[in-house]
4 protein chains.
Amino acid sequence: MVTTRTSGRGAADGAPVPDRLLAVATRLFAAQGFERTSVQEIVDAAGVTKGAMYHYFSSKDDLIREIYRRLLGLQTRSLERIADGPGTAAQRLREATADVVVSTLAHLDDGVVLMHSLHLLAPHIRAQVRAERRRYHERFRALVAEGQREGSVRADISPDLATHHFFGAVHHLGTWYRSDGALRPRQIGEGLAEMFLNGIAVQRP
Amino acid sequence: MVTTRTSGRGAADGAPVPDRLLAVATRLFAAQGFERTSVQEIVDAAGVTKGAMYHYFSSKDDLIREIYRRLLGLQTRSLERIADGPGTAAQRLREATADVVVSTLAHLDDGVVLMHSLHLLAPHIRAQVRAERRRYHERFRALVAEGQREGSVRADISPDLATHHFFGAVHHLGTWYRSDGALRPRQIGEGLAEMFLNGIAVQRP
Amino acid sequence: MVTTRTSGRGAADGAPVPDRLLAVATRLFAAQGFERTSVQEIVDAAGVTKGAMYHYFSSKDDLIREIYRRLLGLQTRSLERIADGPGTAAQRLREATADVVVSTLAHLDDGVVLMHSLHLLAPHIRAQVRAERRRYHERFRALVAEGQREGSVRADISPDLATHHFFGAVHHLGTWYRSDGALRPRQIGEGLAEMFLNGIAVQRP
Amino acid sequence: MVTTRTSGRGAADGAPVPDRLLAVATRLFAAQGFERTSVQEIVDAAGVTKGAMYHYFSSKDDLIREIYRRLLGLQTRSLERIADGPGTAAQRLREATADVVVSTLAHLDDGVVLMHSLHLLAPHIRAQVRAERRRYHERFRALVAEGQREGSVRADISPDLATHHFFGAVHHLGTWYRSDGALRPRQIGEGLAEMFLNGIAVQRP
DNA sequence: TATGAATGAGAATTCATTCAT
DNA sequence: TATGAATGAATTCTCATTCAT
């Protein structure tokens with residue numbers, strides 16, 4: 001249902017219509033919420049008509065589904081690249097945590113939309129998105145467990161709880177991060193990684 | 001605008017109408033979201049008419065505002081009781097983190113509602129709620145800073161970042177906690193407190 | 001249904017409750033219109049409760065009916081006093097026109113309310129008010145006709161049309177008169193009387 | 001917001017939807033008042049759905065605004081055509097007064113709507129309409145003043161007051177005129193013009 | 001006399017979606 | 001591919017009035 005050929009009638013900018021719609025929708029959903037944003041607003045901001053939107057997306061829900069799909073795909077690939085890479089579990093864990101934070105900050109709007117709108121979707125879509133997110137969390141949890149086996153992570157903590165602990169901080173970023181604030185994404189990533197890893201690390205005697 | 005006298009006309013149960021409305025609204029908002037829940041649904045579930053609701057609350061937003069007010073008041077008082085109590089900063093920090101988790105789990109619906117609906121409110125209400133939440137976070141941050149001064153908390157971490165780190169985990173609870181899951185609130189509270197405090201603690205040699 | 005005993009609980013000022021309600025209602029109806037003014041607003045402004053209002057007046061319509069009744073009674077008595085008094089028809093006509101203008105300006109709010117709200121009333125009430133107004137116009141028309149018989153008013157004009165002509169100007173006063181404007185009520189009364197009488201007078205050779 | 005293409009789907013009659021809505025709304029507003037007429041009634045009578053109405057008009061107020069706009073435009077053009085035409089001031093004044101009366105009677109419903117509903121509009125719209133009406137009155141006032149300069153109108157009357165005097169009679173027409181009454185519009189126009197002009201004219205010796 | 005909680009019917013408006021062109 | 005008029009159902013909120021106390 002989604003094509004990518006560049007629109008014939010060049011509107012706002014040169015990007016293909018579906019991409020423009022997604023970008024605009026992401027921005028508006030993040031700013032005002034999914035339900036507060038009308039299809040009319042989206043198409044106006046994207047410089048197209050409703051008919052055009054319904055040509056590319058089957059519904060308003062479909063828009064958000066696509067936003068989720070892209071975000072989760074991106075994050076999953078990034079995590080897997082690191083988690084399946086070289087190094088000790090502790091090293092990969094540190095690299096992954098910092099990377100997740102930085103990449104989340106780079107796509108903050110998408111994350112905010114997901115946080116605020118997931119519960120509004122039709123149940124079966126919601127289930128789909130949750131399943132994908134679970135796979136993602138699971139890969140992280142496995143890394144923690146690997147750390148326990150290699151002796152760098154405390155054996156007495158629950159890998160599940162540790163994963164929730166970390167992703168809580170990640171999902172919370174959208175609530176307080178300001179791009180004009182004192183801390184740079186890199187610093188935040190390293191700061192959170194340090195605290196998190198310290199929190200689950202075996203104490204060096 | 002809210003009185004507490006028990007309704008004269010026999011309604012669903014004995015609680016005063018405003019309380020009944022708030023309880024029902026909290027449950028529905030948490031389950032389906034604020035925007036997906038109609039005023040009609042709320043009053044039907046509470047066994048009153050729309051007119052009655054608008055007699056006590058000036059709008060649908062007013063309902064959610066009141067839910068927030070009660071929740072934040074509760075949490076603030078609880079945190080202050082502990083933070084201003086006896087013991088070293090490290091002891092109070094541990095007690096407070098575990099308590100926040102347990103009390104959040106005890107009012108999970110309210111927290112979920114706040115998380116999902118805050119961004120829908122009128123800007124000035126949102127600002128108000130955020131200000132109150134900021135005071136709350138600030139009290140926690142001060143406790144972390146106090147720990148740094150007494151030497152129990154690492155000097156190289158940012159108390160702000162640490163606070164966000166912890167409250168991220170707290171706000172995330174509603175996403176994964178199931179009352180029929182493996183972990184009891186107490187255990188979760190202690191597990192998170194352990195990880196968090198370990199993460200920011202000065203390493204004992 | 002309307003009593004006049006002074007209210008026991010002295011609210012806003014000392015006037016009896018029904019009078020206070022009528023005064024407040026007149027002011028509000030004139031300012032915002034009948035339908036835009038809620039019963040709640042009226043009772044709030046009068047410093048009483050809804051129950052009290054419904055004790056004295058059977059409905060919101062009843063309030064306006066009473067405003068009309070008082071205004072029309074006042075004007076009718078005033079007109080009759082002059083019309084039935086001494087002097088030539090021409091003298092009485094001049095006196096009456098000036099007096100109607102002055103008295104209309106003195107009760108401008110009531111007149112505005114009548115103008116804007118008459119068409120909203122239940123048909124039988126409307127018919128009642130119109131009948132009373134017709135009697136009032138009729139008395140004026142008779143005076144014009146008397147002028148024709150005594151030779152001071154042109155025979156070729158329609159007394160009906162002349163009456164409408166004059167009362168048009170009177171009803172229009174509320175649209176443009178400002179108490180802080182350049183002209184005093186007395187001057188307006190005399191100006192309008194002069195123009196009107198000149199317009200219908202037999203030309204003196 | 002208003003297009004004129006004839007509706008595709010077969011509706012009541014052939015006129016474009018916006019025109020049909022305005023015609024129907026004018027009739028209903030005049031008969032029952034603006035506030036007593038629901039949007040549902042209007043769209044039912046026009047044979048369209050509410051959605052269609054809101055496609056063309058942004059609100060119920062917008063309907064009335066458009067009715068005003070059309071009426072005032074019509075009357076202004078008509079008055080200017082005469083006032084700026086040939087002839088002495090006295091001649092143009094007579095022609096204008098008669099014409100205003102006849103044209104007002106030809107659009108009686110619109111005038112009644114304006115009289116009864118202007119005070120209900122949002123302040124800034126009201127101000128806009130009043131400004132336009134003021135320009136209209138001003139053109140008439142200028143004509144009276146011109147008559148004073150040419151010596152045909154008495155110097156001791158206020159052109160302002162004379163204008164209010166005349167437009168009072170005009171606005172009052174809707175209150176008493178019946179199309180099945182004894183007087184034809186032409187006769188009423190001439191009768192009122194005669195009285196008005198006589199009232200302000202310099203007496204011929 | 002007076003209170004004010006509660007009713008219940010109805011108001012305007014919004015909006016995702018469809019479909020003839 | 002794209003348009004935009006039209007649908008129709010749902011939504012929040014208002015308000016005159018009643019009635020147990």
Side-chain angles (χ1 to χ4, degrees), chain A residues 3 5 7-9 11 17 35-43 48-63, chain B residues 1-3 5-11 16-18 35-43 47-63, chain C residues 3 5 7-9 11 17 35-43 48-63, chain D residues 1 3 5-9 11 16-18 35-43 47-63:
Chain A
T3 70
R5 198 162 56 72
S7 151
R9 315 239 260 104
V17 169
E35 305 248 35
R36 291 282 228 253
T37 305
S38 69
V39 170
Q40 191 64 57
E41 265 182 288
I42 297 170
V43 298
V48 302
T49 61
K50 281 211 267 226
M53 197 214 92
Y54 279 98
H55 179 72
Y56 291 111
F57 299 94
S58 63
S59 68
K60 195 183 167 191
D61 275 26
D62 197 28
L63 271 176
Chain B
M1 167 148 280
V2 175
T3 69
R5 196 163 59 72
T6 298
S7 154
R9 309 280 201 96
V17 169
E35 307 246 32
R36 290 283 226 252
T37 305
S38 72
V39 170
Q40 193 60 59
E41 270 181 286
I42 297 170
V43 299
V48 301
T49 61
K50 271 201 277 221
M53 195 213 94
Y54 279 98
H55 182 69
Y56 291 108
F57 300 94
S58 62
S59 65
K60 194 183 166 191
D61 275 26
D62 199 26
L63 272 176
Chain C
T3 71
R5 197 161 58 73
S7 154
R9 314 236 261 107
V17 168
E35 305 248 35
R36 292 281 229 252
T37 306
S38 70
V39 170
Q40 192 62 58
E41 265 181 289
I42 297 170
V43 299
V48 302
T49 60
K50 280 210 269 226
M53 196 213 92
Y54 279 98
H55 180 72
Y56 290 111
F57 300 94
S58 64
S59 68
K60 194 183 167 189
D61 275 24
D62 197 28
L63 271 176
Chain D
M1 166 148 283
T3 69
R5 197 161 59 73
T6 300
S7 153
R9 310 280 201 97
V17 169
E35 307 247 31
R36 289 285 225 252
T37 304
S38 72
V39 169
Q40 193 62 58
E41 269 181 285
I42 297 170
V43 299
V48 300
T49 60
K50 275 204 272 223
M53 196 213 94
Y54 280 98
H55 181 71
Y56 290 108
F57 300 94
S58 63
S59 66
K60 195 181 164 190
D61 275 25
D62 198 28
L63 272 176

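Protein chains get the first letters and strands the later ones, always in sequence-line order, with residue 1 at the start of each.
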### Task
Please name the pair of heavy atoms, one in Thr37(D) and one in Lys60(D), separated by the smallest distance, quoted to 0.1 Å.
O-NZ, 2.8 Å

### Task
Would you mind pulling out the nucleotide paired to dT17(F), Watson-Crick or G-U wobble, both distances under 3.5 Å?
dA6(E)

### Message
Using side-chain contact (heavy atoms from CB on, under 4.5 Å), reason through Val43(A) and Val48(A) one step at a time and then give a plain yes or no.
### Response
CA-CA 5 Å; Val43(A) 298; Val48(A) 302; 4.0 Å; yes

### Message
Looking only at the side chain of Lys60(B) (C-beta and beyond, no hydrogens), which of the listed nucleotides dA5(F), dT12(F), dT13(E) gets closest?
### Response
dT12(F)

### Task
Using whole Å, report how far CE of Met53(B) lies from P of dG4(E).
21 Å

#### Entry: Rounded distance in Å - CD (Gln40(D)) to P (dA12(E))
9 Å

### Query
Which one, dT7(F), dT17(E), dT12(F), comes nearest to the side chain of Ser38(B)?
dT12(F)

### Task
May I have the distance from Arg36(B) (atom CZ) to dC15(E) (atom P), rounded to whole angstrom?
14 Å

### Which atom of Arg36(D) lies closest to which atom of Glu41(D), heavy atoms considered
O-OE1, 3.5 Å

### Message
Quick check on DNA chain E: between Gly51(B) and Val39(D), whose nearest nucleotide comes earlier from the 5' end?
### Response
Gly51(B)

### Task
Specify the separation, in whole Å, of atom CD1 of Ile42(D) and atom P of dA11(E).
11 Å

### Task
Starting from C1' on dT7(E), measure out to OH on Tyr56(B) and report it in whole angstrom.
13 Å

## Note on the structure
Correct closest heavy-atom pair for Phe57(D) and Asp62(D) would be CA-OD2, 3.5 Å

### Task
Could you state the atom-to-atom distance from CD of Glu35(C) to P of dC15(F) in whole Å?
10 Å

### Task
Quickly work out the Asp61(A) CG to dA16(E) P distance and round it to whole Å.
10 Å

### Message
At less than 4.0 Å, is any side-chain N or O atom of Tyr54(C) found next to OP1 or OP2 of dA2(E)? Yes or no.
### Response
no

### Protein-nucleotide distance (Lys50(D), atom NZ; dA6(F), atom C1'), rounded to Å
15 Å

### Query
For His55(D) and dA5(F), is the shortest distance between a side-chain N/O and OP1 or OP2 below 4.0 Å?
yes

### Message
Work out how far the C1' atom of dT21(F) is from that of dT1(E), and round it to whole angstrom.
### Response
13 Å

### Query
Which heavy atom of Lys50(A) sits nearest a heavy atom of Gln40(A), and at what distance?
NZ-OE1, 3.0 Å

### Message
Let me spell it out: for each of Ser59(C) and Ala52(D), pick the nucleotide of DNA chain F with the closest heavy atom. Which residue's pick is nearer the 5' end?
### Response
Ala52(D)

### Task
Counting heavy atoms from C-beta on, name the nucleotide in dA6(F), dG8(E), dA16(E) closest to the side chain of Thr49(B).
dG8(E)

